[in-house]
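By convention in this document, chain letters (A, B, ...) are assigned in the order of the sequence lines, proteins followed by strands, and residues within each chain are numbered from 1.
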Amino acid sequence: MQYRPTEIEPKWQQRWAEARVAEIDVTASGQKLYMLNMFPYPSGDLHVGHGRNYILGDAVYRYFRMQGRAALNPMGWDAFGLPAENAAIKRGTHPRVWTLGNIERMKKQFARWGILYDWSKEIASCEPEYYKWNQWLFLQLYKRGLAYRGTAPVNWCPQDQTVLANEQVIDGRCDRCGALVEQRELSQWFFKITEYADRLDAGLDTLEHWPEKVKLMQRNWIGRSLGADVDFHVPALGKPVRVFTTRPDTIFGATFMVLAPEHPDVPVLIADHPDREEIERWITVVRNHSALERQEAGKEGRFTGKTAINPFTEEEIPIWLGNFVLPQYGTGALMAVPAHDERDFEFAKQYDLPIRAVIRLTTGDTTLPFTAKDDTGIAIDSGPITGLTVPKAIERIIQIIEERGLGKGTVRYRLRDWLISRQRYWGTPIPMIYCEKCGLVPVPEEQLPVTLPLDVPFTGREGNPLAKHDAFVNVACPQCNAPAKRETDTMDTFVDSSWYFLRFITPRDDQKIFDPVLVNRWLPVDQYIGGIEHAILHLLYARFITRTLHDMGLLTFEEPFTRLFNQGVITKEGFKNAHGSWVAPAEVQWRDGKPYRGDDPLTAEITKMSKSRLNVVPPDELIARYGADTERVYTLFIAPPEKEAAWSDDGVVGAFRFLGRVWNMGVALSETAANLTIDKQAPTANVTRKMHQTIDAVTSRIERFEFNTAISALMEFSNALADAPSRGAYEALLKLLHPFAPHITEELWAMLGHDDLLLTSPWPVADPALMQEDTVVIAVQVNGKLRGQVEVAAPAVEEKVFEAVAGNEKIGAWISGKEIVKRIYVPGKLVNLVIK
RNA sequence: GCGAAAGUGGCGGAAUUGGCAGACGCGCUGGACUUAGGAUCCAGUGGCCCAAAGCCGUGUGGGUUCGAGUCCCACCUUUCGCACCA
């Protein structure tokens, strides 16, 4: 009987679905475990690269099930977003129809991979029953002053005609379409995440089971820096200008001041400047520059003609405007210490401004500029702090600044408030109303949800189609009943995903966002799995919203995800022509080992598997030929799961052959009459040992997410078993293999006469006593030279080792009267006895 | 520029606390079975060498140690993240 995966896999998928094996009663008791894969954007077809994420999660889920845990593994859809709207514009289908169609396709795909989710808890963020609670959340934040409307310079994508969060601007470009982002002053809705900056930063220290990399990225993004605010008096203004510095110890070297062109005092400072108009023109140019253009322009500045008084040297120092000073950070003004700051140095050189060293390096190096932030720097020519090391000088000067009332020690963050307005249709309507009389009026909670109208035209021009939907826009003011207008902006979809993990516990509750008692029992999520691309955006927002709900008294925890795992991407060779366009592999011809399309030479490149690069491997064909189990085993075996992995169509057959061998062994064991010679029950001592070693290895490797070596251990076990088949050991193999290859193992389990599901049978337990080797080889080294080897029975306590070695005729002579330096005993390995 | 991670066969990758480098798999070579093989099975496969013995081998150069892929110092390369954040 041959292994034919396509004949057995659908059967088991149906069995699992009919038995509703993954459905869980959240009110029942049991040792709970909440597993979660980041819910996907329903973009359409899944390829084998996507599969890694879900296959990995399913393997872990099945393992915990077999360990007897009450494991919840839900799935939902991050269903709002731009691609649905773009598809609507391009093809004339409604975003909702397009989205729901994709969801259906993707659900089928999950089933074909043999992935078990508790579909009774499915959610889709585009449904009113879900986004109603987005709106509710918005209103709670509004009530607490955490959602506000503000005018701010925002990132504007001219291509997508919408504003973008800072997080969505990559290298000065829109992360969706790649267009150069412009700066615009617009009135928008913000969430006040900055109020939580310190807690979000401090909380990272409690996340023991998060990748260091992600924590570091978040820490850098939050950008906490310790320093001081200091006032510099400006006679021309008759008031001080405040600067922020992380290096107050260098204040004696502050030889000029630089303001952002946007700084509010600038108009007054340049009011009587002879070249005022030129400066104003320059300011306008700088303001309209994107962040990228601003940096590419190099350092530029203008002298205001005014001066400030350095409060410590009491010198008059010139006040400049500089394009490199960011209006959003600190106070938008800085004291320039060119001797000890590279940017200030560059600016000083360019405009010939004075440079004064106020730190001496203990290394003796005097090349300026240098920034000695540690004990290698000593303050010089700095009045009361002269002679102190930099850290001590900072501490002391802040004291003096505070005593003299010049300012105070402060903490500043790079993090900015979260801009949530989008001028887009396919998102959650922001539940606010503009009334001429009453001003901003929140939609009363009992009127939620503010439903997104479905009958809108999609032209792709003139901004948000919602704004042209009169029935939606025109509304009576909830306070005075006068005609008023709805907010037509929708929310950033990151709002949807910032709390969805709470909703899975009670997904159909139409009275409240979630049940606090159940949520506090089931959360935080024990194991969260998803891509590293969400290291900042999604995870930071989720941590923020969790804290706001905690502060509302609804949650008892502040961190939503206890363990986080980021799987690496799957890569494959893609082909580019001379213009940089991707070419489908089917069109590629190879000549002299080089790729061509027709006569056009192509370049081959290993890149992330994606639709746009035309290098995707669709799972359908693969599954039709080798089965889902083969894809699963190969995907997990290919590389450590956190690493990038190159897909190889050849490599797949290795997994298929392995499963084929397991299959043949099972068939042979089940055919009693034909195989009377096979010992069907008791494994040999060698196999027993190997079995217990394998149980131990696979168990600990799954716990550590080392699936590639877990599978290699199973291959070794299977190879050992092939020489001495036995039913007991084979059944252990099936159990250990089940999380990776669920269909074939269920089939073989049934073939061996079991009528329960393998999924529900208990995970095997390793007996450490049975894992030990019978004998160990001792290598004897005398004075660094290998003198011989001797074999002793295990378990060999150290005395036994010594007796055996001393009793050995050859080796005994070498070691008589010498001192034993070290004995090393490792079960299953070579043992060294080191003698001097 | 700053920060982090990583460099091991033709390839993906193994290797608790320093203890037989290259597990497992792909590919390749030879063989078996076949009308056939892009199926299956068996054997071999780091390099030098006809082979054995032997020698050399974990990015480069030093060091510690009886012993280094692993620890320390310097350097090179690659990848990722941030990027005028005062």
For [X] and [N], what is the distance between atoms [atom1] and [atom2] respectively, to the nearest whole Å?
X	N	atom1	atom2	answer
A:E573	B:rC26	CD	P	21 Å
A:W221	B:rC2	CH2	C1'	16 Å
A:L540	B:rC82	CG	P	13 Å
A:M665	B:rU40	CE	P	16 Å
A:Q328	B:rA83	CD	P	12 Å
A:L659	B:rG25	CG	P	13 Å
A:E533	B:rC80	CD	C1'	13 Å
A:Q693	B:rA23	CD	P	17 Å

Picking from [options], which would you name as closest to the side chain of [X]?
X	options	result
A:L216	B:rA4, B:rG27, B:rA23	B:rA4
A:K213	B:rC84, B:rG3, B:rC80	B:rC80
A:V653	B:rA86, B:rC24, B:rG27	B:rG27
A:I536	B:rC24, B:rC82, B:rA86	B:rC82
A:F244	B:rC80, B:rA86, B:rC84	B:rA86

If we count only N and O atoms by modelled type, under 3.5 Å, do the side chains of [X] and [Y] hold a donor and an acceptor together?
X	Y	result
A:Y329	A:S225	yes
A:N664	A:R661	no
A:W210	A:Q218	no

Open item on the list: Across nucleotides 7-13 of chain B, 5' to 3', mark each nucleotide with B, S or - according to how protein heavy atoms within less than 4.0 Å reach it.
Closed with: -----BS
Roughly how far apart, to the nearest Å, are [N] and [M] at atom [atom1]?
N	M	atom1	result
B:rA39	B:rU35	C1'	15 Å
B:rC75	B:rC26	C1'	35 Å
B:rC56	B:rA21	C1'	14 Å
B:rC28	B:rG46	C1'	14 Å
B:rU8	B:rA14	P	12 Å
B:rC72	B:rG22	P	25 Å
B:rA5	B:rG10	C1'	26 Å
B:rC20	B:rG67	P	15 Å

Open item on the list: For a quick check, tell me whether the side chain of A:K299 and the base of B:rC84 share a donor-acceptor pair closer than 3.5 Å.
Closed with: yes
Task: Plane angle bin for A:F565 and A:F705 - parallel if under 30°, tilted between 30 and 60°, otherwise perpendicular - done: tilted
Task: Syn or anti conformation of B:rG9, syn meaning chi within 90° of 0 - done: syn
Base, sugar-phosphate alone, or nothing: which one does [X] contact when heavy atoms must sit under 4.0 Å apart?
X	answer
A:N220	nothing
A:R661	sugar-phosphate
A:V652	nothing

TODO: Kindly indicate, with the supporting measurements, whether the criterion salt bridge (charged side-chain N to carboxylate O under 4.0 Å, His left out) is fulfilled by A:E605 and A:R613.
DONE: CA-CA 10 Å; A:E605 202 181 307; A:R613 296 179 176 121; over 6 Å; no
TODO: Measure the spacing between CG of A:D201 and CZ of A:R219 and express it to the nearest 0.5 Å.
DONE: 6.0 Å
Open item on the list: Are the side chains of A:R302 and A:I283 in contact, using a 4.5 Å heavy-atom criterion?
Closed with: no
TODO: Between A:M217 and A:D650, name the one whose nearest nucleotide on RNA chain B is closer to the 5' end.
DONE: A:D650
Open item on the list: By nearest heavy atom, map A:Y329 and A:G654 onto RNA chain B; which one lands nearer the 5' end?
Closed with: A:G654
TODO: Compute the ring centroids of A:F740 and A:F637, then answer whether they are less than 6.0 Å apart.
DONE: no
TODO: Just jot down the side-chain hydrogen bond (donor to acceptor under 3.5 Å, both in side chains) partners of A:S718, sequence neighbours excluded, or say none.
DONE: none
Open item on the list: Wobble G-U and Watson-Crick pairs count when both distances are under 3.5 Å; given that, what is the 5' to 3' dot-bracket string of RNA chain B, with | for pairing to other strands?
Closed with: (((((((..(((......[....)))((((((.......))))))(((.....)))..(((((..]....))))))))))))....
TODO: List the steps, then state whether salt bridge (charged side-chain N to carboxylate O under 4.0 Å, His left out) holds for A:K349 with A:E346.
DONE: CA-CA 5 Å; A:K349 280 283 173 198; A:E346 196 189 322; over 6 Å; no
Open item on the list: Is A:R657 close enough to B:rG25 that one of its side-chain N or O atoms is under 4.0 Å from OP1 or OP2 there?
Closed with: no
TODO: Give a yes/no on whether any side-chain N or O of A:R414 is located under 4.0 angstrom from OP1 or OP2 of B:rA83.
DONE: yes
TODO: Could you tell me whether A:K299 sits above the aromatic face of A:F347, with NZ or CZ closer than 6.0 angstrom to the six-membered ring centre and within 45 degrees of the axis?
DONE: no
- [ ] Might you point out which heavy atoms bring A:A372 and A:G377 nearest each other, and give the distance in Å?
- [x] CB-CA, 3.8 Å
